[in-house]
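Data first, discussion second: the structure below is written as structure tokens.
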2 protein chains.
Amino acid sequence: MKQQRPTSLDIAALAGVSQTTVSRALAQSPLVSEDAKRRVLEAARALRYKVDVNARKLRSKKIHTLAVLISEDLDNSENPINPFFLPLIGSILKYAGQQGYDVLISLQQKSDEWGTDYGFSRRADGIIFLGCKDFQVYTHLFEYLNEVGDPWVVWGVNRLDCARLVIGSDNEAGGYMATRHLLDVGRRRIAFVGKHQPEHPEFRDRYRGYCRALTEAGVPIDDALRVDAFLAREDGVAGVDRLLDNNIPFDAVFCATDLLAMGAMQALHRRGLHVPNDVSVVGFDDLWVCSSLSPALTTIRQDTEAAARALIDGLSALIDDEPVLDTQMAPKLVIRESCGGLPGLMAAQ
Amino acid sequence: MKQQRPTSLDIAALAGVSQTTVSRALAQSPLVSEDAKRRVLEAARALRYKVDVNARKLRSKKIHTLAVLISEDLDNSENPINPFFLPLIGSILKYAGQQGYDVLISLQQKSDEWGTDYGFSRRADGIIFLGCKDFQVYTHLFEYLNEVGDPWVVWGVNRLDCARLVIGSDNEAGGYMATRHLLDVGRRRIAFVGKHQPEHPEFRDRYRGYCRALTEAGVPIDDALRVDAFLAREDGVAGVDRLLDNNIPFDAVFCATDLLAMGAMQALHRRGLHVPNDVSVVGFDDLWVCSSLSPALTTIRQDTEAAARALIDGLSALIDDEPVLDTQMAPKLVIRESCGGLPGLMAAQ
DNA sequence: TTGTATGCGTTATCAA
DNA sequence: TTGATAACGCATACAA
């Protein structure tokens with residue numbers, strides 16, 4: 001029953017012009033008369049003609065498609081994608097659409113071929129990498145892409161040597177702002193829950209900001225207050241449990257992600273500690289849920305809309321062989337209830 | 001600097017075979033000798049050869065790509081995508097990958113051309129529609145797709161006349177289970193917050209399940225307890241506020257989505273009502289946050305992994321012109337803290 | 001089992 | 001401003 005797809009030749013015949021003219025007219029070329037253009041468009045509408053993008057992509061250099069490769073950070077199968085990426089993906093889809101790019105999305109596959117298929121098989125003009133996993137895992141892939149000359153951008157991971165372009169938040173500044181806020185509300189024994197190893201540059205930078213704020217305030221850095229944790233809620237629970245089990249005194253927790261902070265608050269609650277009266281908590285990301293938690297979570301906001309623009313503009317520049325600059329977006333402290341103090345007052349300062 | 005992409009001809013030359021044999025060998029055709037296959041694969045690896053998918057797609061019938069079109073249900077620009085779709089999208093990406101499909105994702109565009117570009121321009125073999133907006137808006141598009149014979153599936157919207165295939169949850173059963181549970185914990189004045197109009201079949205079905213449970217229990221249906229609301233948190237807040245402002249007594253709220261329920265709980269809390277002591281709350285979806293709220297939200301779980309399989313298997317069948325059946329996934333009641341176990345006091349001002 | 005020849009539907013390069 | 005013609009890189013019918 002499926003009707004035969006009309007081709008540009010059919011349009012040409014109906015409009016009484018050559019196929020070349022059809023192609024030009026549909027591409028809004030200025031080299032075609034208004035009259036011809038009108039007739040072509042009319043014929044195209046009449047036959048419901050749509051360009052076969054595959055033929056176009058085969059013939060032309062750019063294929064106007066971006067690939068987004070997402071690593072499965074969360075191990076539970078329930079929700080393979082880090083919720084922080086939802087608004088980022090949304091913004092990417094929106095902005096990419098505005099720029100005329102199609103967006104191909106894929107989850108990290110275990111296969112060796114993962115990623116190499118994308119650019120080099122001409123599925124996409126460039127690749128955006130999203131994920132917080134240890135990026136050492138990808139070095140092989142990154143080198144491959146570099147060798148064949150496929151453009152790619154990474155979100156978040158600062159100082160990745162092989163990357164021509166990295167877009168991320170200024171995590172050090174974010175860590176500093178969070179810790180500074182905790183100091184401002186009078187906390188001194190501030191625990192850090194998260195990764196601090198160089199393999200996870202974005203989290204390590206948050207930790208560095210934390211250290212800078214403490215040092216600046218004359219508060220000694222106590223490694224007993226540093227809890228290793230990745231990014232999921234359960235890790236946050238485990239982290240706080242460990243602190244309490246080891247009888248390490250603390251009056252605040254800065255978590256490297258909101259998910260960790262949610263877990264931390266849950267654990268504190270279970271142990272009978274009140275947030276923020278007994279312990280203040282700050283997270284990182286500003287997930288949409290933060291305002292619905294009780295207490296509502298004070299956190300560091302990452303601007304995902306600006307991030308999407310920077311990622312796509314940067315990747316576009318790489319694709320077009322234009323110069324690019326790494327960008328660090330400024331994060332923002334969002335004060336809610338989980339730290340105590342008077343939110344209104346603090347915000348005013 | 002970008003090196004020239006090798007083609008199958010280069011491989012053929014290096015392997016000492018014809019281009020046809022290369023094509024066959026890479027497609028795992030049984031019509032090629034082990035020896036030739038080995039030489040081809042070796043040459044391909046040596047030259048880092050990757051098929052140009054565009055050429056392949058131009059030549060062959062199937063293009064092994066699915067398009068997912070997401071409507072922007074939430075109007076706030078902060079987060080254009082309904083969070084319920086995150087695990088669904090994750091599962092779709094995972095399963096599609098396993099089945100050898102690429103996945104193209106796009107947000108609803110205002111343009112008339114929205115959607116028609118996908119199948120008919122041969123970007124994808126079929127389209128998956130995700131969204132809770134009034135689907136009347138799409139009738140024009142749906143008819144277009146049907147006329148040109150492009151396969152498409154919708155999530156959630158039962159009884160869409162023009163659809164050849166609909167996959168969704170059994171919303172009526174879900175609504176029934178939720179309401180039944182509220183009755184079981186002793187509630188009688190149960191408000192319904194959500195859409196009940198036929199334009200939103202999935203929500204209307206949840207409302208129908210609600211009515212069935214009430215009727216079955218001999219509880220009269222009171223239209224004063226029915227609050228019109230779409231799906232966002234703010235709508236949940238507004239809904240509960242309206243009930244309270246109008247002095248309508250109620251001891252429970254069944255919300256058509258978890259987002260609504262989160263708003264409802266927030267509003268109740270602000271008004272000094274305790275959940276679940278004064279008012280029980282049940283949501284729908286089982287967002288990942290439900291277990292982190294306080295009180296943790298009792299809700300109806302939709303199985304997104306099974307949904308993704310059903311959507312993709314169904315769409316595959318449509319693509320291959322095989323017979324298909326609409327599917328209603330069984331939802332599941334997830335009991336947490338927001339309903340309490342004991343009959344509470346009636347909340348009236 | 002292999003190879004030859006052809007075509008998929010465009011865009012790009014010419015010449016008119 | 002237009003049109004004929006040649007790619008683009010692969011898959012397939014057909015011949016060997």
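Below, chains carry the letters A, B, ... as their sequence lines are ordered, and counting in each starts from 1. Below, each value reflects all heavy atoms present in this structure, side chains not excepted, and no hydrogens, waters or symmetry copies.
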- Message: I'd like to know if T20(A) reaches the base of dT11(C) with its side chain, counting only an N/O donor and acceptor under 3.5 Å.
- Response: no
- Judged by nearest nucleotide, the residue sitting upstream toward the 5' end of DNA chain C, L58(B) or E34(B), is E34(B)
- Task: Ignoring backbone atoms, test whether S18(A) places a side-chain nitrogen or oxygen under 4.0 Å from the OP1 or OP2 oxygen of dG3(D).
- Result: yes
- Message: Let me spell it out: for each of D35(B) and A55(B), pick the nucleotide of DNA chain C with the closest heavy atom. Which residue's pick is nearer the 5' end?
- Response: D35(B)
- Of N54(B) and S60(B), the one whose nearest nucleotide on DNA chain D sits closer to the 5' end is N54(B)
- Message: Measure CD1/I11(B) against C1'/dA11(D) and give the value in whole Å, please.
- Response: 16 Å
- Query: Over how many whole Å does the gap from K57(B) atom NZ to dC10(D) atom P extend?
  - Reply: 14 Å
- Whole-Å distance between dT10(C) P and L9(A) CG? 8 Å
- Separation of R122(B) atom CZ from dC10(D) atom C1', in whole Å? 13 Å
- Y95(B) and D313(B): CA distance, side-chain angles, deciding distance, side-chain hydrogen bond (donor to acceptor under 3.5 Å, both in side chains) verdict: CA-CA 10 Å; Y95(B) 190 62; D313(B) 288 341; 2.8 Å; yes
- Message: Quiz question: going by heavy-atom distance under 3.5 Å, is there a donor-acceptor pair between the base of dT10(C) and the side chain of R56(A)?
- Response: no
- Nearest-angstrom distance from the residue atom CD1 of I63(B) to P of dT10(C): 13 Å
- Ignoring the backbone of Y49(A), work out which of dG3(D), dT10(C), dG9(D) is nearest its side chain. dT10(C)
- Is S23(A) touching bases, backbone alone, or none of the nucleic acid, heavy atoms closer than 4.0 Å? base
- Hey, does V22(B) reach any base, or is it just sugar-phosphate, or nothing, if we go heavy atoms under 4.0 Å? nothing
- Determine yes or no for a side-chain-to-main-chain donor-acceptor pair under 3.5 angstrom, with N54(A) supplying the side chain and N54(B) the backbone. no
- Query: Roughly, in whole Å, what's the span from CZ in R24(B) to P in dG9(D)?
  - Reply: 21 Å
- Note on the structure: Among dG9(C), dG9(D), dG3(C), the one nearest any side-chain atom of R59(B) is dG9(D)
- Query: L31(B) CG to dA13(D) P: how many Å, rounded?
  - Reply: 11 Å
- Item | Sugar-phosphate, base or nothing in reach of A27(B), heavy atoms under 4.0 Å | nothing
- Are the side chain of N146(B) and the backbone of C162(B) linked by a donor-acceptor contact shorter than 3.5 Å? yes
- Task: Could you please name the option among dT2(D), dT12(D), dT10(C) that lies closest to any side-chain atom of T21(A)?
- Result: dT2(D)
- Query: Which part of the nucleic acid, if any, lies within reach of S33(B) when heavy atoms closer than 4.0 Å are counted: base, sugar-phosphate only, or nothing?
  - Reply: sugar-phosphate
- Task: Answer yes or no: is there a donor N or O on one side and an acceptor on the other, between the side chain of D320(B) and the main chain of A317(B), under 3.5 Å?
- Result: no
- Task: Could you tell me the separation between the CD atom of Q19(A) and the P atom of dA4(D), rounded to a whole number of Å?
- Result: 11 Å
- When the aromatic ring centroids of W152(B) and F142(B) are compared, is their separation below 6.0 Å? yes
- Could you walk me through whether S316(A) and Y101(A) pass side-chain hydrogen bond (donor to acceptor under 3.5 Å, both in side chains), step by step? CA-CA 10 Å; S316(A) 285; Y101(A) 282 115; 3.1 Å; yes
